[in-house]
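Written below as structure tokens is the structure these notes are about.
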Amino acid sequence: MSRLAGKTALVTGSTSGIGWAVAQALADEGARVMLNGSRPAAEAESLRAALAARCGCEVGYAPANLADPASARDLVAQTLAQFGRIDILVNNAGMQHVAAIDEFPDETWDQLIALNLSSVFHTTKAALPGMKAQGWGRVVNIASAHGVVASPFKAPYTASKHAVVGFSKAVALEVAELGITCNAVCPGYVRTPLIEKQVVDQAKVHNLPEDRVIREVILAAQPTKQFIEAEEVGALVAFLCSEAGRSMTGAALLMDGGWTAR
Ligand code: NAD
């Protein structure tokens with residue numbers, strides 16, 4: 001399939017986990033892709049080269065720290081400089097920190113909000129003028145099931161993801177007549193390095209061994225009792241970015257193994 005031939009996509013936080021799967025799904029559909037992440041340069045370069053070789057498309061890499069507003073804006077500028085346009089913006093970079101609210105470090109709150117929420121504002125603000133001029137665009141924000149429901153010990157993450165869902169709806173309304181869609185994708189638990197870290201953190205919080213934390217704590221909320229695979233999220237994003245997704249906008253799309261059906 002090459003539903004995205006001729007399109008250019010910027011995927012933030014795409015050297016790992018969901019972002020990497022999204023970047024691959026978009027490249028497999030023919031898009032040129034700008035990767036971004038916080039991995040060492042040599043690792044990022046080998047990912048970039050592997051993806052370019054596999055899909056036969058142009059793939060770039062820019063190592064911006066998205067928790068810094070100027071770097072977030074500069075990432076958009078670098079993508080425009082290299083590819084000349086951005087048709088698809090996937091705001092995926094994010095972090096989690098699990099702790100009781102009265103023990104949550106102030107500096108971690110600032111960092112989490114800067115990365116999970118403010119970077120979405122800065123990259124979207126910088127990318128929208130080009131999309132408006134083109135009369136076509138797709139903004140996909142990787143929120144979370146925690147954009148619609150909450151869990152204890154995750155108040156800052158839950159707040160950031162609820163905010164991303166609200167931001168996505170408001171942007172969708174603003175650009176609804178301009179050929180641009182904006183959606184929030186809300187996955188449940190996806191098997192990625194971020195979740196592997198949570199298993200360790202939750203084991204400490206709940207004082208349980210890791211195998212019990214996976215089934216009794218992490219997947220307790222997910223009725224399928226299975227992790228979602230990052231490739232499933234990639235396929236949903238590729239659909240939203242295709243012509244078939246043109247009427248889906250302002251939505252919080254749940255892929256949560258039935259979690260929020262309760
Ligand atoms: P991950 O830790 O595997 O990947 C995070 C990516 O973000 C990496 O590429 C990393 O390099 C990048 N990154 C981290 N800090 C950065 C920074 N300051 N600047 C630029 N890039 C940075 O995580 P993941 O599980 O793939 O999560 C990706 C997104 O999906 C996050 O927004 C997360 O909240 C969301 N999400 C994850 C799950 C899950 O179960 N894994 C569920 C719902 C939502």
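Each ligand, and each atom within it, is numbered from 1 in the order the structure gives.
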Hey, does [X] come in under 3.5 Å of ligand 1, counting only N/O atoms on both sides?
X	answer
Leu115	no
Tyr189	no
Thr192	yes
Thr15	yes
Gly37	no

Discussion item. Counting C-beta onward and ignoring hydrogens, is there a side-chain heavy-atom pair between Arg191 and Ile228 closer than 4.5 Å?
Written reply: no
Nearest protein heavy atom with distance in Å, relative to [atom]:
atom	result
atom 44 (C) of ligand 1	Ala143 O, 3.0 Å
atom 22 (C) of ligand 1	Ser38 OG, 3.8 Å
atom 34 (O) of ligand 1	Tyr157 OH, 2.6 Å
atom 9 (O) of ligand 1	Gly13 O, 3.0 Å

Under 4.0 Å to a heavy atom of [X] - the qualifying atoms of ligand 1, by number:
X	result
Asn92	28 (C), 29 (C), 30 (O), 31 (C), 32 (O)
Ser14	9 (O)
Ala64	19 (N), 20 (C)
Gly94	31 (C), 32 (O)
Gly17	3 (O), 26 (O)
Ile18	26 (O), 30 (O), 36 (N), 37 (C), 38 (C)
Pro193	3 (O)

Worksheet entry | Proximity to ligand 1 by part of Cys186, non-hydrogen separation under 4.0 Å | neither
Practice prompt. Hey, can you tell me if Trp259 and Tyr189 have their rings parallel, tilted or perpendicular (30° and 60° cut-offs)?
Written response: parallel
